[in-house]
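The figures here come from the full heavy-atom set of this structure, side chains too, leaving out hydrogens, waters and symmetry mates. In this chain, numbering begins with 1 at the start of the sequence shown. Note that ligands are numbered from 1 as they come in the structure, with each ligand's atoms numbered from 1 the same way.
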Amino acid sequence: MALLNWKDEYSVNIKEIDDQHKKLVGMINELHEAMVQKKAKEVLGSVLAKLVSYTATHFANEERLMQGNGYPEFAEHKEKHEKMTAKVIALQKDWQAGKTTLGIEVSQFLKDWLDKHILGTDRKYAPFLNSKGIS
Ligand code: FEO
C-alpha cells in the first residue's frame, strides 16, 4: 500500500506543478517501499539521490514561476525550500557516512513535510498565479 496518495486538494491548478508534485508523491512512495523491503544500500542510495535531485528541480521551477510573476510571498516560500533542501542533503550525507539509518521515520517525515508544504504553502500561491493566467 502506498504511503502517500495524491488527492485533489493538493492541486494548485497549474498542470506543470501538479505533475511535479505527483512525481514527488511517487518518489516518496518508492523510497518508502525500498525501505520496507530492506533493499540494498545501493538501491536505497539511488532512490534517495533521485528524490533529492528532483526536489531541487521542482523547487527551482516553482521559484521561477513565483519570482517571474512577482508573487509577494516569494522570499518566505523560497526560505522554506532552502530549509528543506538543507535538511534532506544533511540526511543524505549522514546516511552515506553511516551516521544514520534510513527507516520508516524518514519516509514518514518526507510524507508529512510534502503534505503540509503543498497544503499550507504551495496552495497559497495558487490564486495569485492562476490570476496571472498560469494554469
Ligand atoms: Fe511544491 Fe513549494 O514546493
Side-chain angles (χ1 to χ4, degrees):
M1 200 180 86
L3 177 71
L4 178 61
N5 290 300
W6 172 265
K7 44 190 180 188
D8 289 345
E9 60 180 308
Y10 285 153
S11 177
V12 293
N13 302 310
I14 300 169
K15 189 179 182 307
E16 174 193 358
I17 299 294
D18 284 348
D19 286 347
Q20 291 170 12
H21 285 155
K22 284 175 187 169
K23 198 163 169 178
L24 285 173
V25 165
M27 286 179 160
I28 289 173
N29 285 331
E30 191 183 347
L31 182 66
H32 180 70
E33 206 44 45
M35 288 171 184
V36 168
Q37 292 179 5
K38 303 200 184 308
K39 294 271 188 188
K41 187 164 183 176
E42 303 76 58
V43 177
L44 275 180
S46 139
V47 176
L48 181 62
K50 210 167 64 172
L51 176 63
V52 170
S53 160
Y54 191 71
T55 301
T57 302
H58 166 63
F59 285 171
N61 279 328
E62 209 172 61
E63 286 165 16
R64 175 181 46 78
L65 274 180
M66 289 190 286
Q67 190 173 28
N69 288 283
Y71 178 52
E73 291 180 50
F74 168 69
E76 295 95 304
H77 196 136
K78 189 173 192 298
E79 200 182 317
K80 287 184 180 164
H81 285 173
E82 284 165 355
K83 279 189 182 154
M84 181 58 179
T85 301
K87 230 178 232 184
V88 175
I89 288 175
L91 170 81
Q92 190 184 27
K93 277 190 182 153
D94 283 352
W95 179 72
Q96 281 164 344
K99 291 185 196 160
T100 187
T101 53
L102 281 184
I104 307 304
E105 68 286 353
V106 172
S107 44
Q108 190 66 43
F109 160 75
L110 293 170
K111 171 200 160 184
D112 292 343
W113 183 85
L114 188 65
D115 178 84
K116 192 168 155 251
H117 185 76
I118 293 178
L119 292 177
T121 305
D122 288 348
R123 288 248 335 232
K124 276 167 84 181
Y125 64 57
F128 180 85
L129 291 179
N130 294 160
S131 77
K132 300 275 179 186
I134 299 163
S135 62

Next item on the list: Kindly say whether V12 contributes a backbone atom to a donor-acceptor pair with the side chain of D18 at under 3.5 angstrom?
Entry: yes
- request: Could you tell me whether the side chain of S53 and the main chain of A49 form a donor-acceptor pair under 3.5 Å?
  value: no
**Prompt:** Is K80 salt-bridged to E76, going by a charged N under 4.0 Å from an acidic O?
**Reply:** no
Check whether any side-chain heavy atom of W113 sits under 4.5 Å from a side-chain heavy atom of V88, and report yes or no. no
Is there an N/O/S atom in H58 at a distance below 2.8 Å from atom 2 (Fe) of ligand 1?
no
### Heteroatom N/O/S of H81 within less than 2.8 Å of atom 1 (Fe) of ligand 1
no
NE2 (H77) to atom 2 (Fe) of ligand 1 to OD1 (D122), nearest 10°, is 80°
Of all N, O or S atoms in E62, the one closest to atom 2 (Fe) of ligand 1 is OE1
